[in-house]
Amino acid sequence: MCDTCGCNITPGNEHLVRDGGRHARTEDGRAAVSVLRNLLTENDRQARHNRAHFDRHGVLAINLMSSPGAGKTRLLEATIEVLGPSCRIAVIEGDLETENDAERIRAKGVQAVQIATGSACHLDAHMVHQALHQIDLDGIDLLFIENVGNLVCPASFDLGQHRNVTLLSVPEGDDKPAKYPVIFRAADLVLCTKGDLLPVLEDFDPERAERHLRALASVAPFDVVSTRRPGELEPWLIWLRDELQAQDTRRALGRTIHPLIQPDGALLHGDAQEGEHHGHGHFHQAAQSHG
């Protein structure tokens with residue numbers, strides 16, 4: 001996990017472990033473990049704060065995760081083209097460098113805030129919170145957070161979002177849920193993108209991909225979509241409209257919902273919960289609300 005490669009320290013949270021930071025000092029012999037647990041705790045605290053912001057303003061926040069090149073940005077472009085007239089959308093883009101994806105979204109007339117993570121291979125709640133300072137939440141209904149292209153680390157960090165969507169593109173191969181179970185277990189919806197390539201890439205079997213997903217005990221919907229063919233985004237658009245309606249209902253009832261955080265993340269966060277009740281790490285609670 002991120003304690004191995006060191007990417008749990010990001011531009012958003014590094015102030016916590018610098019000299020003078022809240023977690024700059026740790027007990028002798030347990031520095032690495034303490035830093036990890038403290039940063040996870042701080043991330044969860046910030047995520048709760050972010051989610052409270054979204055709920056107060058009636059915004060549905062969706063985290064998009066996938067490998068690089070699976071089609072997250074193109075999916076957003078196509079979604080904006082269809083929903084843009086009836087739904088106020090904003091996007092937070094996460095990449096190591098460049099504003100390429102944010103510029104593509106802005107070209108569609110939608111506000112996009114770019115987060116350049118540097119060496120960090122995922123977004124965290126602190127980086128998202130900083131980006132929120134540039135967005136008028138009263139002016140939007142739906143916030144997409146396009147995470148860094150990575151099939152491992154993004155699933156371990158609660159950003160304050162309500163739902164996780166994991167993309168699996170046809171060129172990647174249908175065995176990815178078996179090879180990268182963490183990020184697929186975290187999904188509230190799995191979209192098989194670039195479905196128009198299925199006649200060309202005959203080795204990809206959508207039914208086999210879904211069997212791998214079900215073998216993870218996932219009940220997330222699995223839909224094949226394409227941005228190149230009219231009508232082939234409909235399962236995604238129906239899911240989005242249902243989620244927007246559900247968010248309005250939750251807001252009226254004073255409730256919220258947490259994404260499905262993968263079980264390994266739950267174990268990592270288990271000692272960092274401080275007895276508090278919140279979504280990150282409570283896999284069974286999230287599963288109940290999902291159902």
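Being a predicted model, the structure only gives us computed values, none of them experimental.
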Worksheet item: Any side-chain heavy-atom pair from Tyr180 and Glu172 closer than 4.5 angstrom?
Response: no

Worksheet, complete the sentence: dist Leu143:CG -> Ile140:CD1 (nearest 0.5 Å) comes out at 5.0 Å

Worksheet item: So which pairs with a foot in residues 181-218 pass ring pair (Phe, Tyr, Trp, His ring centres under 6.0 Å), sequence neighbours left out?
Response: none

Worksheet entry | Ile105 vs Phe144 side-chain heavy atoms within contact, under 4.5 Å | no

Discussion item. Counting neighbours of CG on Asp242 that are heavy atoms of other residues, nucleotides or ligands and sit closer than 6.0 Å, is the number greater than 12?
Written reply: yes

Worksheet item: Does Met127 reach the side chain of Leu159, with side-chain heavy atoms less than 4.5 Å apart?
Response: no

Discussion item. If I compare all heavy atoms of Cys87 with all of Leu244, which pair ends up nearest, and what's the gap?
Written reply: SG-CD1, 3.9 Å

Item to complete: Using the side chain to side chain donor-acceptor pair (under 3.5 Å) rule, pick out the option among Thr79, Thr193, Thr227 that qualifies with Trp236.
Response: Thr79

Worksheet entry | Polar side-chain atom of Gln247 near backbone of Val59 as donor-acceptor pair, under 3.5 Å | yes

Discussion item. Minimum heavy-atom separation for Pro259 and Gln161, please, with both atom names.
Written reply: CD-O, 3.2 Å

Worksheet entry | Lys/Arg N to Asp/Glu carboxylate O, Arg106 vs Glu99, below 4.0 Å | yes

Worksheet item: Where the side chain of Asn150 meets the backbone of Cys121, is there a donor-acceptor pair that is under 3.5 Å apart?
Response: yes

Worksheet item: So His162 and Asp55, side chain to side chain contact (heavy atoms under 4.5 Å, CB included) or not? Walk me through it.
Response: CA-CA 9 Å; His162 299 102; Asp55 291 336; 2.7 Å; yes

Practice prompt. Kindly compute the distance separating CD (Glu103) from OG1 (Thr73), expressed to the nearest 0.5 Å.
Written response: 12.0 Å

Response to the item:
Rounding to 0.5 Å, atoms CZ (Arg208) and CG (Asp203) come to a distance of 7.5 Å

Worksheet item: Do Leu60 and Phe54 come close enough that some side-chain heavy atom pair is under 4.5 Å?
Response: no

Worksheet item: Does the side chain to side chain contact (heavy atoms under 4.5 Å, CB included) test come out yes or no for Thr117 and Leu123, once each step is laid out?
Response: CA-CA 7 Å; Thr117 65; Leu123 294 176; 3.8 Å; yes

Worksheet item: Is the backbone of Arg88 close enough, under 3.5 Å, to the side chain of Asp141 for a donor and an acceptor to pair up by distance?
Response: yes

Worksheet entry | Beyond-backbone contact of Leu233 with Leu75, side-chain heavy atoms, under 4.5 angstrom | yes

Item to complete: State, yes or no, whether a side-chain contact exists between Arg45 and Glu42 at a heavy-atom distance under 4.5 Å.
Response: yes

Worksheet item: Roughly how far, to the nearest 0.5 Å, is OG of Ser67 from CG of Leu168?
Response: 8.0 Å

Fill in: Enclosure of Arg56 CZ (heavy-atom neighbours >12, cutoff 6.0 Å)
yes

Item to complete: To the nearest 0.5 angstrom, please state how far the CD atom of Gln245 sits from the CG atom of Leu240.
Response: 13.0 Å

Worksheet item: Does the pair Arg51 and Asp158 meet the rule for a salt bridge (charged side-chain N to carboxylate O under 4.0 Å, His left out), with working shown?
Response: CA-CA 10 Å; Arg51 190 174 291 108; Asp158 189 355; 2.7 Å; yes

Practice prompt. Before giving the answer on side chain to side chain donor-acceptor pair (under 3.5 Å), spell out for His57 and Asp136 the whole-Å C-alpha distance, their side-chain angles and the decisive distance to 0.1 Å.
Written response: CA-CA 10 Å; His57 293 277; Asp136 176 15; 6.0 Å; no

Worksheet entry | Criterion side chain to side chain donor-acceptor pair (under 3.5 Å) on Asn164 and Asn63, from CA distance to verdict | CA-CA 5 Å; Asn164 284 331; Asn63 178 35; 3.1 Å; yes

Fill in: Arg214 side chain vs Ser218 backbone, donor-acceptor pair below 3.5 Å
yes

Item to complete: Look at Glu146 together with Arg74 and state whether they make a salt bridge at an N to O cut-off of under 4.0 Å.
Response: no

Worksheet item: Looking only at heavy atoms, which two atoms of Ala102 and Ala112 are closest? And how far apart?
Response: O-CB, 3.7 Å

Worksheet item: Side chain of Gln111, backbone of Gln134: donor and acceptor closer than 3.5 Å?
Response: yes

Worksheet item: Which value, rounded to the nearest 0.5 Å, describes the distance between Asp174 atom CG and Arg211 atom CZ?
Response: 8.5 Å

Discussion item. Using the rule that Ile, Leu, Val, Met, Phe, Trp and Tyr join whenever any side-chain heavy atoms are under 4.5 Å apart, tell me whether Ile238 and Ile89 fall into a single cluster.
Written reply: no

Worksheet item: Are side-chain heavy atoms of Val152 and Val182 found at a separation under 4.5 Å?
Response: no

Worksheet entry | salt bridge (charged side-chain N to carboxylate O under 4.0 Å, His left out) partner of Glu77, chosen from Arg228, Arg104, Lys108 | Arg104

Discussion item. Quick check: do Leu76 and Asp101 have side-chain heavy atoms less than 4.5 Å from each other?
Written reply: no

Practice prompt. Applying side chain to side chain contact (heavy atoms under 4.5 Å, CB included), run through Asn147 and Phe157 and close with a yes or a no.
Written response: CA-CA 11 Å; Asn147 220 310; Phe157 290 82; over 6 Å; no

Practice prompt. Using the test ring-ring contact (aromatic ring centres under 6.0 Å, His included), find all partners of His49 that sit at least two apart in sequence or belong to another chain.
Written response: His53, His129

Discussion item. Between Ile135 and Ile92, does the side chain to side chain contact (heavy atoms under 4.5 Å, CB included) criterion hold? Intermediate values first, please.
Written reply: CA-CA 9 Å; Ile135 298 174; Ile92 293 175; 3.9 Å; yes

Discussion item. To check you understand the geometry: which heavy-atom pair defines the closest contact between Val190 and Ala187, and what is its length?
Written reply: CG2-CB, 3.7 Å

Practice prompt. State, to 0.1 Å, how close Leu201 and Pro171 come at their nearest heavy-atom pair, and which atoms those are.
Written response: CD1-CA, 3.7 Å

Fill in: Backbone of Ala125 reached by a side-chain donor or acceptor of Asn43 within 3.5 Å
yes

Fill in: Minimum heavy-atom distance between Val110 and Ile80, given as atom pair plus value
CG2-CG2, 3.5 Å

Worksheet item: Any salt bridge between Glu234 and Arg241, counting N to O under 4.0 Å?
Response: yes

Discussion item. With a 3.5 Å distance limit and no angle check, can you tell me whether Asp196 reaches the backbone of Ser226 through a side-chain donor-acceptor pair?
Written reply: no

